[in-house]
Amino acid sequence: MNSASRYPVYVKSVRYEAENIFSFELFPEQGTTLPAFTAGSHIDLFIPGVPTRSYSLLNDQSEANRYEIAVAKDPKSRGGSKLIHELLRAGDRLEVSGPKNLFPLNEASETSVLIAGGIGITPLWSMAQRLESLRAKWRLVYFARNRESAALLDRMNKVFSHGHIELHLAYGVAETIAAIAQVFSQDVAATHYYCCGPSGMLESYKSAAGDVPGDRVHYESFVALHDAATEGGFEVVLAKAGTVVNVQPGQTVLDALAQVGVEVMNSCREGICGACEVVVLEGTPDHRDSILSESEKASNKSMFVCCSGSKSQRLVLDL
Ligand code: FES
């Protein structure tokens with residue numbers, strides 16, 4: 001599977017899922033195939049005139065040659081979700097990246113707890129379907145503003161053999177924090193937790209996890225949790241190219257590299273999609289992404305150059 005490749009697809013159907021949320025069913029162009037994916041994966045959409053954005057696949061990973069995403073129209077949209085809602089129709093042609101999974105399911109886990117807030121339901125619904133097929137115990141805790149804004153509810157309206165769904169509507173901040181804390185209060189060894197939702201919910205989730213080992217606490221953000229590092233004032237050594245690039249104040253590493261003609265694959269430019277990951281050979285990055293766990297950040301093995309800077313005067317990258 002190659003997430004750097006692009007695949008031509010057409011929109012088979014557009015469906016109203018909930019207030020301000022449409023789902024899009026994507027099929028490969030005739031004579032082509034789509035790479036298989038695993039629950040938790042996302043793809044990038046490449047539509048001329050629309051900023052590239054990543055969207056989680058919501059369908060069952062057992063489905064071959066079909067991707068399904070749901071897009072919430074963000075009121076603060078800089079063009080991505082708003083244009084997709086306005087422009088993308090059944091029959092339209094576009095390109096997508098291969099699937100990339102930064103939020104993988106631990107399939108060996110006996111019990112999984114999935115916590116979703118709003119449109120964060122999409123990767124978790126794919127996970128719930130996978131866990132059901134694996135006959136593994138699961139529980140989906142789904143928070144939404146109200147029934148009208150809760151996507152995919154009609155698909156959940158069935159009896160599951162190995163899991164169940166708990167829908168929490170119109171919860172205030174305090175009630176949400178208490179409900180998440182309650183989830184962790186019942187922790188038993190070997191349960192894995194997954195959360196996708198707004199930044200406030202992710203913060204509550206991380207804090208409620210407390211002493212639960214980090215390798216059982218997984219999350220994915222669909223908004224940037226930190227500002228990009230643009231302080232500059234350090235040098236980046238490109239080990240393979242043998243060149244040195246100075247990162248100036250006001251620039252990200254990605255900007256500085258582009259200025260000297262070094263292209264690094266990128267998409268969201270916010271530390272969310274994972275496209276611009278680069279191996280770090282020396283130096284201490286100032287991690288600003290919303291992807292790496294605390295232990296991964298501490299290992300300093302890689303960094304996302306669209307948003308992360310440097311704490312050391314010199315960074316040596318495997319470029
Ligand atoms: S471009 Fe998306 S993480 Fe850097």
Side-chain angles (χ1 to χ4, degrees), residues 1-7 37 40-47 50-57 67 69 71-72 74 76-81 83-84 95-104 119-120 122-123 196 198-199 202 218-232 234 236 238 245 247 250-281 283-311 315 317-319:
M1 156 184 339
N2 184 355
S3 65
S5 304
R6 291 187 178 200
Y7 300 87
F37 69 97
S41 296
H42 68 259
I43 54 169
D44 293 342
L45 262 50
F46 303 107
I47 307 170
V50 178
T52 304
R53 291 285 180 269
S54 304
Y55 295 96
S56 296
L57 295 172
Y67 291 161
I69 58 168
V71 180
D74 177 357
K76 291 181 281 185
S77 170
R78 288 172 295 166
S81 62
L83 286 174
I84 287 173
E95 288 184 322
V96 297
S97 70
K100 183 172 179 113
N101 200 342
L102 302 173
F103 192 35
I119 192 64
T122 50
C196 184
S199 53
L202 291 181
H218 316 274
Y219 59 89
E220 184 168 70
S221 176
F222 47 78
V223 292
L225 300 177
H226 314 284
D227 291 334
T230 53
E231 294 82 0
F234 58 93
V236 172
L238 310 183
V245 179
V247 182
Q251 284 187 316
T252 61
V253 174
L254 186 68
D255 293 335
L257 294 176
Q259 200 171 41
V260 296
V262 177
E263 293 296 332
V264 176
M265 194 172 63
N266 65 85
S267 173
C268 71
R269 294 174 167 250
E270 293 186 309
I272 301 171
C273 74
C276 67
E277 186 170 20
V278 171
V279 170
V280 176
L281 300 174
T284 310
D286 179 2
H287 296 287
R288 301 285 183 94
D289 64 88
S290 308
I291 300 167
L292 297 177
S293 66
E294 291 309 315
S295 61
E296 287 168 332
K297 284 179 182 169
S299 77
N300 289 328
K301 285 186 181 153
S302 71
M303 67 183 285
F304 297 90
V305 292
C306 68
C307 60
S308 297
S310 183
K311 290 181 178 165
L315 270 184
L317 302 181
D318 191 22
L319 286 173

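As a basis for the values below, the full set of heavy atoms in this structure was taken, side chains included, without hydrogen atoms, waters or symmetry mates. None of these values were measured; they are calculated from a predicted model. Counting starts at 1 for both ligands and their atoms, following the listed order. Counting begins at 1 with the first residue of the sequence.
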Examine ligand 1 and decide if any of its atoms is less than 4.0 Å from a heavy atom belonging to I272. yes

In Å and rounded to the nearest 0.5 Å, what is the CD1 to NZ distance from I291 to K297? 9.0 Å

From atom 4 (Fe) of ligand 1 out to just under 2.8 Å, does an N/O/S atom of C268 turn up? no

For the side chain of T122 and the backbone of I119, is there at least one donor-acceptor N/O pair under 3.5 Å apart? yes

Write out the residue and atom name of the closest protein heavy atom to atom 3 (S) of ligand 1, then the distance separating them to 0.1 Å. G274 N, 3.2 Å

For R269, the ligand 1 atoms with a heavy-atom partner under 4.0 Å come out as 1 (S), 2 (Fe)

Under 4.0 Å from any heavy atom of S267, which atoms of ligand 1 are there? 1 (S)

Any donor-acceptor pair under 3.5 Å linking the side-chain atoms of S293 with those of E296? yes

Could you confirm whether C276 has any N/O/S atom lying under 2.8 Å from atom 4 (Fe) of ligand 1? yes

Would you find a donor on one side and an acceptor on the other, under 3.5 Å apart, between the side chain of D289 and the backbone of L292? yes

Check each heavy atom of L254 against ligand 1 and say whether those closer than 4.0 Å belong to the side chain, the backbone, both or neither. neither

Under 3.5 Å, is there a donor-acceptor pair linking the side chains of S308 and D286? no

